[in-house]
Amino acid sequence: SCGSLSLTLYLFLLCLLCVLSSLVDLTTACPPTCFCNATDVDCSGRGLLSMPALTHLPVSARTLLLPNNHLSSLGPGSFANLTSLEQLDLSNNHLSSLALFKDLGNLSDLTLHNNSLRALDRDLFQGLVGLRKLDVSLNGLSDIPLGLLDELQGLTWLSVAGNRLHALERAAFEPLANLQSLQLGANPWECDCNLRDFKHWMEWLLYRGGKVDGVECTLPKDLRGRDIRGVPVEMFNYCLQLDDENRGGGGPRSGGKEGSSPPCGRTTGPGAPTSESEVPAAGDLVPVPDCVRRRYQPVSVRRAIGTVVIAGVVCGIVCIMMVGAAAYGCIYASLMAKYQRELKKRQPYVRVRPLDNRLIG
């Protein structure tokens, strides 16, 4: 019995040793071409064509660096067991498609700088509620879809610089209540009506103490090279008139692509206004449908037409009163003259005899 007890104890210790060794292997695993420690995995510049196997990555890793490789895509479940990851750097690769990052609930820093991304799925960042820094600069993005940033309310730093963005939707950025820095440079911005809502949101961000590197216009030509933050809001007044016309059922005046022309700049092309009544006070502006919401219309612009109408009515009344007073004066003078002539005709003729100049002695 003592021998069987010793054998049982030996087997138990052997199993326990195997379990402990497997746990140590899981926590200290490292891909052959990478450098690892307890919390960091550095695979920078290793010529990787695909993600390292998950079994080779320590589950306790908080930082995973994969820049300067040749990664072209990330498949589903690429980060399934890296739930403790806080920083992920995928910059300077050839990524054209991305898997969802929903498994990385603790991620706070995501870098996708200098890849080949042409579009982002609106659910790409779903679940990344702790993300604080996001870099998608130097890609080929032409749009930031609505809903992409909805769950990133804690984001404080964002860069979309160096893409192909012409305009941005204000609604796509409104969830970023804690944003402190926004990088927008090196994009071909078209400073027309389609960018006006975002201009107002950007000014609100600056008012709250945020920082924006700049939005340099490429179109229209008269604004080329200028920062839209320095363009006066009066340049967009015509957008408000178009919004009123479209809301009233007038529809667009031209059949071209929405936002394809620079409506808030001077024009010399065939779309220019042909009569003075079509030219706004701020300059010759080209109409484009669906421009700007009325809530940003300045008070002075909203009340300009009413002021003109009231002033016209008052001036008209004054003129009528002056004409009436002049006519009354003329009629009164004419009647008085006629009355004087008739009065002289009715008086009897009295002959005055000369007095005798006799001397009284």
Side-chain angles (χ1 to χ4, degrees), residues 14-121 123-141 148 151-152 154-163:
L14 183 62
C15 291
L16 182 61
L17 182 62
C18 291
V19 171
L20 291 175
S21 63
S22 64
L23 291 176
V24 170
D25 289 339
L26 286 175
T27 56
T28 60
C30 185
T33 58
C34 303
F35 298 99
C36 303
N37 58 33
T39 58
D40 300 335
V41 179
D42 188 354
C43 304
S44 305
R46 297 298 172 177
L48 299 177
L49 298 176
S50 61
M51 276 283 297
L54 293 178
T55 56
H56 293 162
L57 293 174
V59 294
S60 61
R62 295 186 178 181
T63 300
L64 177 57
L65 306 179
L66 292 165
N68 304 312
N69 286 289
H70 303 291
L71 305 176
S72 58
S73 64
L74 297 176
S78 297
F79 310 100
N81 69 333
L82 300 177
T83 54
S84 60
L85 201 63
E86 297 179 359
Q87 180 181 357
L88 176 60
D89 188 349
L90 295 166
S91 60
N92 300 319
N93 281 280
H94 307 291
L95 294 171
S96 57
S97 62
L98 298 171
L100 300 182
F101 295 99
K102 61 182 179 180
D103 296 321
L104 305 177
N106 293 318
L107 195 66
S108 61
D109 188 339
L110 176 59
T111 303
L112 299 169
H113 168 83
N114 194 20
N115 279 280
S116 302
L117 301 173
R118 297 293 179 267
L120 299 176
D121 188 89
D123 298 324
L124 181 63
F125 303 129
Q126 186 176 7
L128 301 185
V129 294
L131 197 65
R132 297 292 180 267
K133 181 179 179 181
L134 175 62
D135 188 352
V136 291
S137 60
L138 288 181
N139 284 279
L141 302 176
L148 178 68
E151 295 192 23
L152 307 184
L155 199 68
T156 59
W157 191 94
L158 172 63
S159 177
V160 294
N163 284 282

*Verify, without hydrogens or angle tests, whether N106 (side chain) and L82 (backbone) share a donor-acceptor contact under 3.5 angstrom.*
no
*Spell out, as yes or no, whether a donor-acceptor pair under 3.5 Å connects the side chain of N163 to the backbone of V136.*
yes
*Is S91 reaching over with its side chain to a backbone N or O of L112, donor-acceptor style, under 3.5 angstrom?*
no
*Check whether any side-chain heavy atom of D135 sits under 4.5 Å from a side-chain heavy atom of W157, and report yes or no.*
yes
_Rounded to the nearest 0.5 Å, what separates atom CZ in R46 from atom SG in C34?_
7.0 Å
*May I ask you to decide if L117's main-chain N or O and N139's side chain share a donor-acceptor pair within less than 3.5 Å?*
yes
*asked:* If you define the side chain from C-beta out and look only at heavy atoms, does anything of N114 sit under 4.5 Å from S137?
replied: no
*Short question: side chain of R62, backbone of E86 - any donor-acceptor pair under 3.5 Å?*
no
*Is there a donor-acceptor contact under 3.5 Å from the side chain of N93 to the main chain of L95?*
no
_Any heavy-atom pair between the side chains of F125 and L100 that's under 4.5 Å?_
no
*Spacing of OG1 belonging to T39 relative to CD belonging to Q87, to within rounding of 0.5 Å*: 10.5 Å
*asked:* Keeping N37 on the side-chain end and D40 on the backbone end, is there a donor-acceptor pair under 3.5 Å?
replied: yes
*Any side-chain heavy-atom pair from C36 and P31 closer than 4.5 angstrom?*
yes
*Using atom types as modelled and distance alone, determine if a side-chain donor or acceptor of S60 lies under 3.5 Å from a backbone N or O of S84.*
no
*asked:* A side-chain contact here means heavy atoms from C-beta on lying under 4.5 Å apart; do N92 and H113 qualify?
replied: yes
*L98 side, atom CG; S78 side, atom OG - distance, nearest 0.5 Å*: 9.5 Å
_Nearest-0.5 Å distance that lies between atom CG in L110 and atom CG in L104_ = 8.5 Å
*Under a 4.5 Å cut-off applied to non-hydrogen side-chain atoms, are L88 and F79 in contact?*
yes
_I need the L158 CG to K133 NZ distance, nearest 0.5 Å._
11.5 Å
*So, the side chain of N69 versus the backbone of C43: is there a donor-acceptor pair under 3.5 Å, distance only?*
yes
*Are side-chain heavy atoms of N81 and T83 found at a separation under 4.5 Å?*
no
*Enter the distance from S108:OG to R132:CZ here, rounded to the nearest 0.5 Å.*
7.5 Å
_Measuring only between side-chain heavy atoms, which start at C-beta, is L120 closer than 4.5 Å to L141?_
yes
*Considering all heavy atoms of both residues, which atom of L152 and which atom of L134 are nearest to each other, and what is their separation?*
CD1-CD2, 4.1 Å
*Checking side-chain contact (heavy atoms from CB on, under 4.5 Å) against L66, which of L48, T111, L74 comes through?*
L48
